[in-house]
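Only this structure's heavy atoms are used, side chains among them; waters, hydrogens and symmetry mates stay out.
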Amino acid sequence: GRDYSNVTVTNDSNDSDRLLGGLLATGFDEASCLSRYQSPLYRKPSPYKPSPYLLSKLRSYETLHKRCGPGTEPYKKALTQLDQEHIDNNGECKYVVWVSFSGLGNRILSLASVFLYALLTDRVLLVDRGKDMEDLFCEPFPDISWLLPLDFPLTSQFDGLNQDSPRCYGHMLKNQVVGNDKTLSHLYLHLVHDYGDHDKMFFCQGDQTFIGKVPWLVVKTDNYFVPSLWLIPGFDEELEKLFPQKETVFHHLGRYLFHPTNQVWGLVTRYYEAYLSNADEKIGIQVRVFDVGAGPFQHVMDQISSCTRKEKLLPDVDTVIERSRRVTTPKKHKAVLVTSLNSGYSENLKSMYWEYPTLTGEIIGVHQPSQEGYQQTEKKMHNGKALAEMYLLSMTDSLVTSAWSTFGYVAQGLGGLKPWILYKPENRTAPDPACGRAMSMEPCFHAPPFYDCKAKTGVDTGKLVPHVRHCEDMSWGLKLV
Ligand code: GDP
């Protein structure tokens with residue numbers, strides 16, 4: 001293991017590693033957000049290098065954010081536009097406001113999507129802090145906050161925004177109140193999984209031209225909608241330049257944006273150093289069960305063993321009574337990190353490897369940081385622990401995730417890992433095969449549109465280009481490969 005006790009990050013590692021190949025800007029106060037420059041010490045260097053074009057785009061975004069962000073003159077000027085129904089002349093800066101909505105994994109993915117949209121459309125991203133965004137994440141941009149100021153005039157409406165809100169783009173389209181002569185001061189984009197065909201017009205080039213003129217966009221979404229941005233003709237060339245390796249979108253943007261606060265980072269590093277750092281190999285198993293009823297379920301346990309055994313991630317045990325066992329030294333030590341709301345799955349694995357020896361002689365330690373029981377929304381540390389666990393999973397060497405779970409997508413993306421996905425059980429039965437290797441480390445867009453904007457008909461958007469395909473774990477979803 002490495003010695004983390006006396007980490008002087010500045011002198012210890014070369015700058016390119018420390019800054020994730022130039023992804024991170026220099027000049028932040030290190031102590032205020034230790035994870036920003038320390039996380040490379042806990043992970044192998046990523047084999048995926050950000051493109052020079054992405055780096056220059058991020059640096060110019062940072063300049064834009066500094067010029068237009070909260071409290072600046074252009075920001076104040078843009079705020080006055082909100083008082084008007086239509087705007088007379090274009091202001092200097094345009095904005096996209098991300099509304100805090102849904103579970104933590106969903107929020108991380110949707111925020112990365114909205115940030116990419118901001119990069120593509122030269123908008124400034126502002127983040128509604130919701131209940132806990134500020135407690136979970138450091139500021140990602142130098143000098144000026146990404147948080148939406150508390151006195152933003154529309155904040156009190158955020159909770160009530162839905163498909164039928166008067167300024168909802170889909171609602172306006174449906175009711176044919178979108179005219180081309182005047183530019184609206186703000187629009188609400190409803191991109192939540194329950195959205196309708198009119199809302200989905202967001203993904204059409206022509207609609208983007210209209211939306212592009214509006215200085216204030218407010219977006220509510222629980223989805224990773226990046227794959228469908230690649231299908232918009234106005235964006236695809238730019239995206240190819242930003243991400244020549246297409247499956248790296250969330251990997252890079254996630255590492256650029258999401259730095260746990262010192263409190264959460266403490267949860268990550270203490271756990272890592274106590275249970276993972278000395279292992280020769282680290283295996284992550286993320287268990288998310290969407291069945292109703294209290295677990296643990298036998299079929300899920302069976303699925304986990306069948307997958308880890310078949311894929312040679314964990315060794316079999318020798319259940320025959322031990323007679324004389326040859327001592328083979330040194331023994332390989334594997335640490336298994338299990339995350340789940342339920343403690344049963346890790347307890348089961350732990351007992352098995354305590355009660356019986358492994359056939360390979362490997363020593364298996366099984367660890368589960370938290371057992372929160374059920375999904376909670378009000379408790380602060382609940383999401384702090386969830387974030388710490390996503391991070392810890394991202395630091396493993398091999399990862400097993402659960403189908404449909406954004407929690408797992410975040411871990412695989414941050415870690416740069418192609419996981420083995422435990423397919424979704426049907427009728428309380430473990431599927432066969434129990435799991436399969438992901439095509440790419442990208443998250444899946446769970447609610448994509450199936451519409452050909454030009455032909456104005458339905459189309460299978462998973463079959464249009466080779467790099468946007470249907471997901472392994474959800475047949476109608478889309479992902480980049
Ligand atoms: P998804 O529902 O799996 O797509 O993931 P989300 O993160 O969006 O929502 C699930 C929420 O349940 C998380 O934000 C956590 O609050 C909680 N949760 C689910 N699984 C775990 C787990 O393994 N550990 C912890 N600490 N929380 C979990």
A.B. asks: List, one per line, each side-chain donor-acceptor pair under 3.5 Å for residues 110-117, sequence neighbours excluded.
C.D. replies:
from, atom 1, to, atom 2, distance (Å)
Ser110, OG, Trp98, NE1, 2.9
Ser110, OG, Asn106, O, 3.3
Ser110, OG, Arg107, O, 3.2
Ser110, OG, Thr221, O, 3.4
Ser113, OG, Leu109, O, 2.8
Ser113, OG, Phe225, N, 3.3
Tyr117, OH, Gln208, OE1, 2.7

A.B. asks: Which of parallel (below 30°), tilted (30 to 60°) and perpendicular (above 60°) describes His367 and Tyr275?
C.D. replies: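 Correct class here is tilted.
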A.B. asks: Does a donor on one side chain and an acceptor on the other come within less than 3.5 Å for Ser405 and Gln286?
C.D. replies: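 Yes - a donor-acceptor pair under 3.5 Å links their side chains.
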A.B. asks: Look at the aromatic rings of Trp230 and Phe243 and report parallel, tilted or perpendicular, splitting at 30° and 60°.
C.D. replies: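 Correct class here is tilted.
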A.B. asks: Over 60° means perpendicular and under 30° means parallel, so classify the ring planes of Phe445 and Phe203, tilted if in between.
C.D. replies: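 Phe203 vs Phe445 ring planes: tilted.
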A.B. asks: Is there side-chain contact between Leu191 and Val219, with at least one heavy-atom pair below 4.5 Å?
C.D. replies: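 A side-chain contact exists here, since the closest heavy-atom pair is under 4.5 Å.
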A.B. asks: Are the side chains of Leu119 and Leu58 in contact, using a 4.5 Å heavy-atom criterion?
C.D. replies: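 In short, these two side chains touch, coming nearer than 4.5 Å.
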A.B. asks: Can you name the residues that form a salt bridge (charged side-chain N to carboxylate O under 4.0 Å, His left out) with Glu85, not counting sequence neighbours?
C.D. replies: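 So Glu85 forms a salt bridge (charged side-chain N to carboxylate O under 4.0 Å, His left out) with Arg167.
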A.B. asks: Distance from Cys68 atom SG to Lys77 atom NZ, nearest 0.5 Å?
C.D. replies: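 Result: 10.5 Å between the selected atoms.
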A.B. asks: Donor-acceptor pair, distance only, cut-off 3.5 Å: does the side chain of Arg123 make one with the backbone of Ala118?
C.D. replies: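 No; zero donor-acceptor contacts below 3.5 Å.
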A.B. asks: For Gln412 and Pro419, indicate whether the former's side chain and the latter's backbone hold a donor-acceptor pair under 3.5 Å.
C.D. replies: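 Looks like no, no N/O pair under 3.5 Å.
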A.B. asks: Assess whether side chain to side chain donor-acceptor pair (under 3.5 Å) is satisfied between Ser340 and Gln371, documenting all intermediate values.
C.D. replies: CA-CA 7 Å; Ser340 173; Gln371 308 86 29; over 6 Å; no
A.B. asks: Return the OG to CG distance between Ser394 and Leu414, rounded to the nearest 0.5 Å.
C.D. replies: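 If we round to the nearest 0.5 Å, Ser394:OG and Leu414:CG are 5.0 Å apart.
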A.B. asks: Can you check whether His190 and Tyr195 have ring centres sitting under 6.0 Å from each other?
C.D. replies: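 So the answer is no for these two rings.
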A.B. asks: Around Asp197, counting heavy atoms of other residues, nucleotides and ligands shown, do more than 12 lie under 6.0 Å from its CG?
C.D. replies: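 Incorrect, the count does not exceed 12.
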A.B. asks: Taking only residues two or more places apart in sequence, or in another chain, which ones meet Asn342 in a side chain to side chain donor-acceptor pair (under 3.5 Å)?
C.D. replies: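 Side chain to side chain donor-acceptor pair (under 3.5 Å) check on Asn342 returns nothing, list empty.
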A.B. asks: Supply the atom-to-atom distance His186 NE2 to His86 NE2, rounded to the nearest 0.5 angstrom.
C.D. replies: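 Answer rounded to 0.5 Å: 11.5 Å.
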A.B. asks: Hey, are the side chains of Asp199 and Tyr169 touching, using non-hydrogen atoms and a 4.5 Å cut-off?
C.D. replies: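 The answer is no, as the side chains (C-beta and beyond) never meet within the 4.5 Å cut-off.
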A.B. asks: Establish, from distance only, whether the side-chain atoms of Gln84 and Ser185 form a donor-acceptor pair under 3.5 Å.
C.D. replies: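 Their side chains do not contain a donor-acceptor pair, so the 3.5 Å distance test is not met.
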A.B. asks: Of all heavy-atom pairs between Pro233 and Asp236, which one has the smallest distance, and what is that distance?
C.D. replies: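 So the minimum-distance heavy-atom pair works out to O-OD1, 2.7 Å.
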A.B. asks: Under 4.5 Å between any side-chain heavy atoms of Asp207 and Phe202, yes or no?
C.D. replies: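 Contact flag for Asp207/Phe202 side chains = no.
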A.B. asks: Using side chain to side chain donor-acceptor pair (under 3.5 Å) as the criterion, list what pairs up with Trp265, not counting sequence neighbours.
C.D. replies: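 Once residues adjacent in sequence are excluded, the partners of Trp265 under the side chain to side chain donor-acceptor pair (under 3.5 Å) criterion are Gln38.
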A.B. asks: So how far is it from Ile211 CD1 to Met201 CE, rounded to the nearest 0.5 Å?
C.D. replies: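 The CD1 atom of Ile211 sits 9.5 Å away from the CE atom of Met201.
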A.B. asks: So, using disulfide bond (SG atoms under 2.5 Å apart) as the criterion, who are the partners of Cys168 when residues are at least two apart?
C.D. replies: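 For Cys168, no residue satisfies disulfide bond (SG atoms under 2.5 Å apart) once neighbours in sequence are set aside.
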A.B. asks: With distance as the sole test, does Trp476 use its side chain to make a donor-acceptor pair with the main-chain N or O of His446 at under 3.5 Å?
C.D. replies: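 Yes, Trp476 side chain to His446 backbone: donor-acceptor pair under 3.5 Å.
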A.B. asks: Check the pair Tyr224 / Glu442 against side-chain contact (heavy atoms from CB on, under 4.5 Å), numbers first and verdict last.
C.D. replies: CA-CA 10 Å; Tyr224 183 71; Glu442 272 284 290; 2.7 Å; yes
A.B. asks: Please indicate whether Gln205 has more than 12 foreign heavy atoms, meaning atoms of other residues, nucleotides or ligands, lying under 6.0 Å from its CD.
C.D. replies: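 More than 12 heavy atoms, drawn from other residues, nucleotides or ligands, come within 6.0 Å of this atom.
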A.B. asks: Considering only heavy atoms from C-beta outward, does the side chain of Thr269 approach that of Glu273 to under 4.5 Å?
C.D. replies: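 They are in side-chain contact.
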A.B. asks: Which atom pair, heavy atoms only, marks the closest approach of Cys444 to Gly477?
C.D. replies: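 In terms of heavy atoms, the two residues are closest at SG-CA, 3.8 Å.
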A.B. asks: Measure across Leu24 and Arg59 and return the closest heavy-atom pair with its distance rounded to 0.1 Å.
C.D. replies: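 In this case the closest contact between Leu24 and Arg59 is C-NH2, 3.7 Å.
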A.B. asks: What distance separates Lys94 NZ from Gln81 CD, expressed to the nearest 0.5 Å?
C.D. replies: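 If we round to the nearest 0.5 Å, Lys94:NZ and Gln81:CD are 9.5 Å apart.
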A.B. asks: Between Arg18 and Tyr37, is NZ or CZ placed under 6.0 angstrom from the six-membered ring centre and within 45° of the ring axis?
C.D. replies: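 Ring-cation test returns yes.
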A.B. asks: Does Thr339 reach the side chain of Val287, with side-chain heavy atoms less than 4.5 Å apart?
C.D. replies: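 No. Closest side-chain heavy atoms not under 4.5 Å.
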A.B. asks: Is the closest side-chain donor-acceptor distance between Glu372 and His382 under 3.5 Å?
C.D. replies: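 Glu372 vs His382: donor-acceptor pair found between side chains.
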A.B. asks: Can you list the steps and then say if Leu154 with Tyr188 is a side-chain contact (heavy atoms from CB on, under 4.5 Å)?
C.D. replies: CA-CA 11 Å; Leu154 303 179; Tyr188 165 58; over 6 Å; no
A.B. asks: Can you give me the closest heavy-atom contact between Arg36 and Cys138, atom names plus distance?
C.D. replies: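 Looking at all heavy atoms of both residues, the closest pair is NH2-CB, 4.1 Å.
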A.B. asks: For the residue pair Met439 and Glu472, establish whether any side-chain heavy-atom pair is separated by less than 4.5 Å.
C.D. replies: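 They are in side-chain contact.
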A.B. asks: If you compare all heavy atoms of Ile144 against all heavy atoms of Lys66, which two are closest, and at what distance to 0.1 Å?
C.D. replies: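 Smallest heavy-atom distance, with atoms named: CD1-O, 3.2 Å.
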A.B. asks: Is it the case that the side chain of Trp404 and the backbone of Lys424 share a donor-acceptor pair, with hydrogens and angles ignored and the cut-off at 3.5 Å?
C.D. replies: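 Here the side-chain-to-backbone pair does not exist.
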A.B. asks: Nearest heavy-atom pair of Leu417 and Asp397: which atoms, and what distance?
C.D. replies: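 Looking at all heavy atoms of both residues, the shortest contact is CD2-O, 3.7 Å.
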A.B. asks: Between His470 and Phe450, what is the ring plane arrangement, given parallel below 30°, perpendicular above 60°, and tilted in between?
C.D. replies: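 Correct class here is tilted.
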A.B. asks: Show your reasoning for whether side-chain contact (heavy atoms from CB on, under 4.5 Å) applies to Leu120 and Leu242.
C.D. replies: CA-CA 10 Å; Leu120 292 170; Leu242 289 168; 4.2 Å; yes
A.B. asks: About how many Å separate CG of Leu337 and CD1 of Ile283, when rounded to the nearest 0.5 Å?
C.D. replies: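 One finds 10.5 Å between CD1 of Ile283 and CG of Leu337.
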A.B. asks: Is there a donor-acceptor pair under 3.5 Å between the side chain of Asp222 and the backbone N or O of Ser102?
C.D. replies: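 No, the answer is negative, given that no donor and acceptor are paired below the 3.5 Å cut-off.
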A.B. asks: Mind checking whether Tyr61 and Phe141 have ring centres under 6.0 Å apart?
C.D. replies: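 They qualify: ring centres under 6.0 Å apart.
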A.B. asks: Any non-hydrogen side-chain atom of Val97 less than 4.5 Å from a side-chain atom of Leu217?
C.D. replies: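 The answer is no, as the side chains (C-beta and beyond) never meet within the 4.5 Å cut-off.
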A.B. asks: When you check the gap from the basic side-chain N to the acidic O, do Glu134 and Arg129 get nearer than 4.0 Å?
C.D. replies: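 The answer is yes: the pair qualifies as a salt bridge.
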A.B. asks: Name all residues meeting the side-chain contact (heavy atoms from CB on, under 4.5 Å) criterion together with Ser346; count only those two or more places apart in sequence or in a different chain, and write none if there are none.
C.D. replies: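 Ser346: side-chain contact (heavy atoms from CB on, under 4.5 Å) contacts with Val338, Val366, Gln368.
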A.B. asks: Starting from the C-alpha separation in whole Å, work towards a yes-or-no answer on side-chain contact (heavy atoms from CB on, under 4.5 Å) for Phe407 and Leu104.
C.D. replies: CA-CA 7 Å; Phe407 194 100; Leu104 184 59; over 6 Å; no
A.B. asks: Should the heavy atoms of other residues, nucleotides or ligands under 6.0 Å from CG of Asp159 be counted, would the total exceed 12?
C.D. replies: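 No, the 6.0 Å shell around CG holds no more than 12 heavy atoms from other groups.
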A.B. asks: Do NZ/NE/NH1/NH2 and the carboxylate oxygens of Glu247 and Lys479 come within less than 4.0 Å?
C.D. replies: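 The answer is no: the pair does not qualify as a salt bridge.
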A.B. asks: Looking at Val177, is its backbone amide N or carbonyl O close enough to the side chain of Asn175 to form a donor-acceptor pair, meaning the two atoms are under 3.5 Å apart?
C.D. replies: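 Absent.
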A.B. asks: Is Lys174 atom NZ crowded by more than 12 heavy atoms from other residues, nucleotides or ligands, each under 6.0 Å away?
C.D. replies: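 Counting other residues, nucleotides and ligands, NZ of Lys174 stays at 12 neighbours or fewer.
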